[in-house]
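Report on one structure; see the data block that follows.
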Amino acid sequence: MKLAVIGAGSMGAQIAQQAALHDIGVSLQDKDEAQLHKARESNRAHLARRVEKGRITKHEAETALERVRTTTDLGDAVGEADFVIEAVFEDLEVKRAMFAELDRQAAPDAVLASNSSTIGIRKLASATRRPELCLNMHFFYPVLVMDLVEIVPGPGTSDETVDRAVELARAMDRTPVVLRKEIDGFIVNRILHAATQEAYRLLDAGVASLEDIDTAIEKGLNWPMGPFRLGDFSGLDVTYNARLHMYRTTGDERYRPSSQLEAKVKAGKLGRKTGEGWYRY
Ligand SMILES: NC(=O)c1ccc[n+]([C@@H]2O[C@H](COP(=O)([O-])OP(=O)(O)OC[C@H]3O[C@@H](n4cnc5c(N)ncnc54)[C@H](O)[C@@H]3O)[C@@H](O)[C@H]2O)c1
């Protein structure tokens, strides 16, 4: 099995490393050499911590790092791959252009998967001549820790392609779930959005403080973080844009972003990364 991962940002770098930790040969491509350098350094730091904790040996870490071959040349990255996972910017036109190019450059029987959180595969598969070999394979951040992959076939995806994606997820030591229908938000974000929207409604209605809502969810449902703390961790702009996307695509009032969330984003209070969001850091 040879894997190519396209885009070496927060997701691509770790998808590649997770595969390499499980003996899969990977090429990691990015158009930006600086991003490849950052990906190598960040993966090196992650694996060094595992060595310190005695979870892997120094030799295993070195081998897994070397197994991720980095390149800025797309043809070089996908030339010998049986499976390609695209993890470039979340932008429909960038991804469609990438899928058209991957279709030209990858082997005719290679699977083309997208890690997109919001773009259903039908919109990307139509840029290729191989819709039966295209699907969404949605990993979770940080991939080296989060043990789930949502596998989402489009209307044209073959059963064999789904089987190949399930097999790859398992080979990477990640647990796959397979959706039977393409749906915005897949399973996890769908349920997370519903719960978070309810938390925002309670806050907007003055039912409880955000601290108490977080505490209730953490102690009562055993979530590691309540919705407000989680929002600050992921970035309130990310949370806000995901809601706006769902609201615009479904027209469903349930997804309308909360006024307090919108105010935070407009004020540039985006969570941990800006030093303040729902909480101060
Ligand atoms: N960050 C998350 O929590 C998360 C979780 C699940 C899925 N996703 C999805 O993963 C994808 C990537 O997200 P990310 O957070 O890693 O983004 P990111 O901005 O960290 O990384 C994107 C990378 O793609 C590269 N890139 C852009 N255009 C390219 C091109 N034409 N050729 C090669 N490389 C190109 C950029 O240089 C950058 O390194 C998105 O589709 C996103 O929806 C993100």
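Predicted model only: the values in this text are computed from it and were never measured. As the structure lists them, so they are numbered: ligands from 1, and atoms in each ligand from 1.
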Passes ring pair (Phe, Tyr, Trp, His ring centres under 6.0 Å), Tyr200 versus Trp278? Steps please.
CA-CA 11 Å; Tyr200 291 158; Trp278 297 113; 5.7 Å; yes
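- Near His138, meaning under 4.0 Å from one of its heavy atoms, ligand 1 places the atoms 6 (C), 7 (C).
- Contact analysis leaves Glu86 out of contact with ligand 1, as no non-hydrogen atom separation drops below 4.0 angstrom.
- Taking a distance limit of 4.0 Å, we find that atom 8 (N) of ligand 1 is approached by some protein heavy atom.
- Atom 31 (N) of ligand 1 has Met98 CE, 3.6 Å as its closest protein atom, hydrogens excluded (heavy atom only).
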Worked verdict on Asp23 versus Arg67 for salt bridge (Lys or Arg N to Asp or Glu O under 4.0 Å): CA-CA 8 Å; Asp23 299 333; Arg67 209 174 273 129; 3.4 Å; yes
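- The heavy atom nearest to atom 6 (C) of ligand 1, out of those in Phe186, Phe139, Tyr141, is found in Phe139.
- Considering only non-hydrogen protein atoms, atom 10 (O) of ligand 1 sits nearest to Asn115 ND2, 2.9 Å.
- The protein heavy atom nearest to atom 15 (O) of ligand 1 is Ser10 OG, 3.5 Å.
- The local environment of CD in Glu160 is sparse, with at most 12 non-hydrogen atoms from other residues, nucleotides or ligands closer than 6.0 Å.
- A side-chain donor-acceptor contact under 3.5 Å links Asp214 to the backbone of Arg229.
- Looking at Gln14, its side chain does come within 3.5 Å of a backbone N or O of Val143 through a donor-acceptor pair.
- In this comparison of Gly9, Gly7, Ala242, the heavy atom closest to atom 18 (P) of ligand 1 sits on Gly9.
- Under a 3.5 Å cut-off, the side chain of Glu150 and the backbone N or O of Ile187 do form a donor-acceptor pair.
- Annotation for ligand 1: atoms under 4.0 Å from non-hydrogen atoms of Lys95 are 40 (C), 41 (O).
- The nearest protein atom to atom 16 (O) of ligand 1, hydrogens excluded, is given as Met11 N, 2.9 Å; this is a heavy-atom distance.
- Ligand 1 has an N or O atom lying under 3.5 Å from an N or O atom of Ser117, backbone or side chain.
- Thr274 places a side-chain N or O within 3.5 Å of a backbone atom of Gly271 that can act as its donor or acceptor partner.
- Within the structure, no pair that satisfies the ring-ring contact (aromatic ring centres under 6.0 Å, His included) test touches residues 43-89, not counting sequence neighbours.
- Counting heavy atoms only, Glu90 comes closest to atom 42 (C) of ligand 1 of the residues Glu90, Glu33, Gln29, Lys38.
- Summarising the contacts of atom 29 (C) of ligand 1 with Lys31, Gln35, Met137, Glu101, the nearest heavy atom is found in Lys31.
- Comment: Glu167 does not engage Arg170 in a salt bridge, judged by the lack of any side-chain N to carboxylate O separation of less than 4.0 angstrom.
- Nearest-heavy-atom check against atom 38 (C) of ligand 1 across Asn136, Leu28, Asp30, Val88 picks out Asp30.
- Counting non-hydrogen atoms of other residues, nucleotides and ligands closer than 6.0 Å to NZ of Lys269 gives a total of 12 or fewer.
- The shortest heavy-atom distance from Phe140 to ligand 1 is not under 4.0 Å.
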